[in-house]
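Letters A, B, ... mirror the listed sequences (proteins, then strands); counts begin at 1. Fair warning: this is a prediction, and the values are worked out from it, not measured in the lab.
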Number of protein chains: 2
Amino acid sequence: MPSRTVENYLKSILMISINKNCVEVPMGMIAESLKVTPGTATSMVKNLQKEKWLNYKARKGVTLTGSGKKIGMRMIRRHRLIETFLVETLGLDWSEIHEEAEELEHSISDKVLEKLDVFLGNPQFDPHGHPIPSKSGVIRRLSQKSLLDCKVGKKMKIESILDQRTEFLNFAKNKSLMPGNIIKILKYQKIADTVEVQVEKKPKFSLGFNSADKIMVSG
Amino acid sequence: MPSRTVENYLKSILMISINKNCVEVPMGMIAESLKVTPGTATSMVKNLQKEKWLNYKARKGVTLTGSGKKIGMRMIRRHRLIETFLVETLGLDWSEIHEEAEELEHSISDKVLEKLDVFLGNPQFDPHGHPIPSKSGVIRRLSQKSLLDCKVGKKMKIESILDQRTEFLNFAKNKSLMPGNIIKILKYQKIADTVEVQVEKKPKFSLGFNSADKIMVSG
DNA sequence: TTATAGACTTTGATTAATCAAAATTAAAAT
DNA sequence: ATTTTAATTTTGATTAATCAAAGTCTATAA
Ligand SMILES: [Mn+2]
Ligand SMILES: [Mn+2]
Ligand SMILES: [Mn+2]
Ligand SMILES: [Mn+2]
């Protein structure tokens with residue numbers, strides 16, 4: 001019933017509200033995340049409100065309704081299961097699956113999706129370490145702690161990578177910045193906005209604050 | 001570059017010209033095959049001509065250009081490889097894959113398609129017995145002989161099933177009307193427009209002329 | 001040779017999604 | 001309390017794809 005555009009809006013809005021855990025998602029973030037002009041986002045969001053998928057307060061932002069959340073979550077599940085399939089079964093690299101899944105998430109029937117889920121053995125995390133919501137829309141709470149929130153010297157486990165850009169993921173893999181690996185912050189240089197880190201026994205290197213904030217960790 | 005609508009038009013036109021082997025494809029068939037009104041087909045076809053994908057002669061029909069044929073063939077390859085994947089890998093029934101592939105054929109990147117091809121071991125035919133074009137756009141000539149063109153009593157091998165409707169394919173499977181099986185026409189009753197047939201050692205049954213014409217055979 | 005039916009085309013309108021640029025508002029800085 | 005800035009909304013227009021219904025052709029049938 002919802003068009004692929006609607007599906008994209010609802011998924012993006014849900015992901016923003018999860019990642020930044022905010023209740024009201026501001027229009028600017030929606031426009032940025034969907035790569036449309038602010039005016040487009042405003043007009044689209046008004047339509048979504050008519051369809052009862054969200055509530056919109058002018059100059060405040062947007063809150064998903066129950067049905068909006070449901071569709072958004074459904075899209076996240078689809079996206080992540082498809083990504084997992086592309087890596088596990090077809091052997092694509094984790095850096096090239098995001099755009100692919102962005103399309104496929106709208107094209108697969110529920111039946112095929114559930115077959116895929118079984119075929120893959122009910123995976124719980126996608127290749128970037130993001131939890132895959134259950135069919136009924138339940139998702140594991142993900143770590144809200146990024147590299148930036150860590151004490152110097154403490155060893156942490158990498159949970160997931162938020163940045164989905166191909167180049168960033170290539171860089172990350174090259175530096176072994178991958179889910180499961182152990183990372184330590186060696187130095188924290190506020191003035192230069194960098195952290196110096198070491199992954200497992202590999203050579204140390206530096207990350208800017210923006211990049212470090214995309215590496216989610218636990219432990 | 002071409003939109004999914006354009007891809008659908010070019011694929012449909014190519015398939016009609018192959019199936020009916022005619023050079024000029026009439027507008028009516030295009031409209032019917034794409035389930036749009038005749039006026040829509042006319043206006044769309046004019047756009048396609050502007051883009052050099054085909055030549056259109058008013059009240060005559062349409063002929064694909066080289067580039068139009070190339071895109072059409074690419075879509076046939078995609079469609080059939082995806083159908084094969086859905087049956088071979090995910091275990092869907094041959095009756096429920098057509099609509100699915102109709103969507104997916106537009107959503108998968110070339111890279112994923114070729115990975116799929118390798119994963120499946122370069123299959124030559126889809127689950128309905130239709131030849132899969134090579135990456136470079138070469139397709140095996142398919143049998144032009146249907147059950148209707150057979151001598152009574154002669155044993156023939158079923159090559160492919162043209163009718164893609166779910167209900168027909170369910171019926172066909174139930175009667176073992178599937179590629180590879182051996183079929184014999186027992187009786188040919190022009191007046192009732194039925195043929196009585198027997199597949200392998202199974203009980204005999206009747207088919208209307210329209211249905212019989214959808215079963216392509218050889219040998 | 002006219003009629004006429006059926007295939008096809010034209011016309012005029014609609015819808016979803018988008019943009020650019022102008023207008024408005026609220027928050028922050030002075 | 002003003003001014004400035006940044007975020008957001010409004011306005012007006014465009015594009016691809018579609019339909020309904022009116023108009024036009026052309027091949028056959030009377
Ligand atoms: Mn998407
Ligand atoms: Mn992911
Ligand atoms: Mn299609
Ligand atoms: Mn097929």
For His98(B) and His128(B), I'd like to know if the aromatic rings sit close, meaning centre-to-centre distance below 6.0 Å.
no
Knowing that exactly one of Glu159(B), Gln164(B), Met15(B) qualifies, which makes a side chain to side chain contact (heavy atoms under 4.5 Å, CB included) with His130(B)?
Gln164(B)
Quick one: does any side-chain atom of Thr89(B) pair with a main-chain N or O of Leu86(B) as donor and acceptor, under 3.5 Å?
no
Step through it carefully: locate the ring centre of Phe85(B), locate the ring centre of Phe85(A), and say whether they are under 6.0 Å apart.
yes
Does Arg77(A) have any salt bridge (Lys or Arg N to Asp or Glu O under 4.0 Å) partners at least two apart in sequence or in another chain, and if so, which?
Glu114(A), Asp117(A)
Can you build the contact string for nucleotides 2-18 of chain C? Use B for base contact, S for sugar-phosphate-only contact, and - for no protein heavy atom under 4.0 Å.
-----BBBB------SB
